[in-house]
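Please read these numbers as outputs of a predicted model, since none were measured by experiment.
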Amino acid sequence: MSRALPRHPPCAAASPRLWERQRPQGLPVFRFALHALIVLILTLLTQIGGIAYLVALAASRGWGLRRLPAKFAIFLLCYAGATFTASLAAPIFGRVALSCVADAADRLVVRSPIYCLLNRNYVTPDVRDLAKALAAHMDKEFPGTVTVALDANFPFLNGFPLLPHLSHADGKKLDFAYYYKDADGAFLNGATRSPIGYFAFEQPAPGDELPCEGRNDWLTTRWNFDALQPLFPAYRIEEQRTSAAIGWLTSEGVARLGLQKIFIEPHLKNALGITDSHVRFQGCRAARHDDHIHIQVE
């Protein structure tokens, strides 16, 4: 009489603990890498967003939240709280915020709320005073003229990069938009060619000075964005106001408010007839400056 062989249950049923030990570990590693990448991106974009994300992640786990909309709402609340706290704490670190909320009477405006949402609107009090004084001067010389500010700096820590800028890291730098006119020559108050004020370049004419011609630097932020250029309106720089602004910066700005440098492209400097030594070329590894004016104080 043959003996029945013993039955062996499937491995998972017979040894669930062994199955758990053998379960692939790729998913937790992927989640950790994804969270780390999000923290890195948010930190580079906003300086404080990575911290807000970690706080929101801990809160979501502590409250047992699993749905993505709920987690995202918690992150927005944490980020809003961190942004508000940054505006209160920044003066301790020697920086103040340029307001993105403007009314009809304001002559200095930040181009887009996105600069405040990303915490890129902080400067030292000296730079704030210079910006307000420039706007007041332009309003006096050309009544009603609005001066448009762009990227400034993050609220904390000297040396923390404000990408893609190479030098906006200490609160002492600020970008202004050029003043523009339409194709018929009418001044466009407060307008810029680009929705954010950047990347709509004034192309040099044949024979203009081109200091970076022929260079092929692999590590550079001097991007031409050729595909974007046809998308922007055909505005042109309003020479009278732009020249007056740079003239005031290189005289009163230098003498009274500590202005140290202005960066614009050489072909624009020549076209505007500017000869002052404070107006310089930023170098071939930095971004183009024929879409904005860069200023910095000592």
Side-chain angles (χ1 to χ4, degrees), residues 40-41 44-46 110-115 117-118 120-121 147-154 160-169 173-185 187-188 190-239 241-243 245-246 249 261-296:
L40 176 63
I41 292 173
L44 291 176
L45 286 178
T46 70
V110 176
R111 177 62 183 91
S112 170
I114 193 172
Y115 292 112
L117 292 174
L118 298 179
R120 302 168 74 96
N121 59 316
T147 297
V148 179
L150 305 175
D151 259 338
N153 309 261
F154 284 134
F160 194 100
L162 186 90
L163 299 178
H165 304 278
L166 300 182
S167 64
H168 289 234
K173 282 79 175 181
L174 177 62
D175 289 344
F176 292 107
Y178 287 107
Y179 301 89
Y180 287 97
K181 61 185 179 182
D182 64 18
D184 296 323
F187 174 57
L188 299 168
T192 57
R193 292 184 61 204
S194 157
I196 61 172
Y198 289 106
F199 309 133
F201 303 117
E202 300 298 311
Q203 303 301 337
D208 280 347
E209 181 181 352
L210 301 174
C212 301
E213 183 75 7
R215 292 180 56 135
N216 294 296
D217 300 303
W218 68 272
L219 184 61
T220 181
T221 58
R222 191 178 176 83
W223 306 312
N224 293 320
F225 294 109
D226 291 331
L228 292 179
Q229 302 312 303
L231 304 178
F232 299 123
Y235 301 161
R236 295 173 295 163
I237 287 181
E238 205 283 321
E239 298 91 341
R241 286 173 174 80
T242 301
S243 296
I246 296 176
L249 287 168
K261 297 177 185 177
I262 300 173
F263 292 154
I264 65 173
E265 289 294 316
H267 72 89
L268 282 183
K269 179 179 179 180
N270 296 335
L272 293 170
I274 299 168
T275 58
D276 192 277
S277 61
H278 293 91
V279 182
R280 306 177 187 179
F281 175 55
Q282 71 280 356
C284 291
R285 294 189 183 275
R288 290 178 61 163
H289 282 64
D290 45 4
D291 59 340
H292 69 280
I293 302 169
H294 167 101
I295 65 102
Q296 62 190 64

Flag, side chain of [X] to backbone of [Y], donor-acceptor distance under 3.5 Å:
{"X": "Thr220", "Y": "Cys284", "answer": "yes"}
{"X": "Arg193", "Y": "Ala234", "answer": "no"}
{"X": "Lys269", "Y": "Thr275", "answer": "no"}
{"X": "Asn224", "Y": "Asp226", "answer": "no"}
{"X": "Arg288", "Y": "Glu265", "answer": "no"}

- Name of the residue among Asp151, Thr221, Asn153 meeting side-chain hydrogen bond (donor to acceptor under 3.5 Å, both in side chains) with His165: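 The passing option is Asp151.
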- Looking just at side-chain N and O atoms, do Thr192 and Arg111 make a donor-acceptor pair shorter than 3.5 Å?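 Short answer, yes.
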- Glu213 atom CD, over 12 foreign heavy atoms within 6.0 Å: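 No, because the 6.0 Å sphere around CD of Glu213 holds 12 heavy atoms or fewer from other groups.
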- Query: Is the centre of the His294 ring less than 6.0 Å from the centre of the His168 ring?
  - Reply: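 Yes, ring centres under 6.0 Å apart.
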- Query: Can the ring centroids of His292 and Tyr178 be said to lie less than 6.0 angstrom from one another?
  - Reply: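 Here the rings of Tyr178 and His292 have centres that are no less than 6.0 Å from each other.
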- Item | side-chain contact (heavy atoms from CB on, under 4.5 Å) between Tyr179 and Ser243, intermediate numbers included | CA-CA 10 Å; Tyr179 301 89; Ser243 296; over 6 Å; no
- Compare every heavy atom of Pro204 with every heavy atom of Leu210, then report the nearest pair and how far apart it is.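 Looks like CD2-CG, 3.5 Å.
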- What pair of heavy atoms forms the shortest contact from Phe154 to Leu118, and how long is it?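 Smallest interatomic distance, heavy atoms only, reads CE2-O, 3.5 Å.
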- Task: Show your reasoning for whether side chain to side chain donor-acceptor pair (under 3.5 Å) applies to Tyr180 and Thr242.
- Result: CA-CA 8 Å; Tyr180 287 97; Thr242 301; over 6 Å; no
- Check against salt bridge (charged side-chain N to carboxylate O under 4.0 Å, His left out), Arg236 and Glu202: CA-CA 8 Å; Arg236 295 173 295 163; Glu202 300 298 311; over 6 Å; no
- Mind checking whether Phe199 and Phe225 have parallel, tilted or perpendicular rings, split at 30° and 60°?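 Tilted: the ring planes of Phe199 and Phe225 meet at 30° to 60°.
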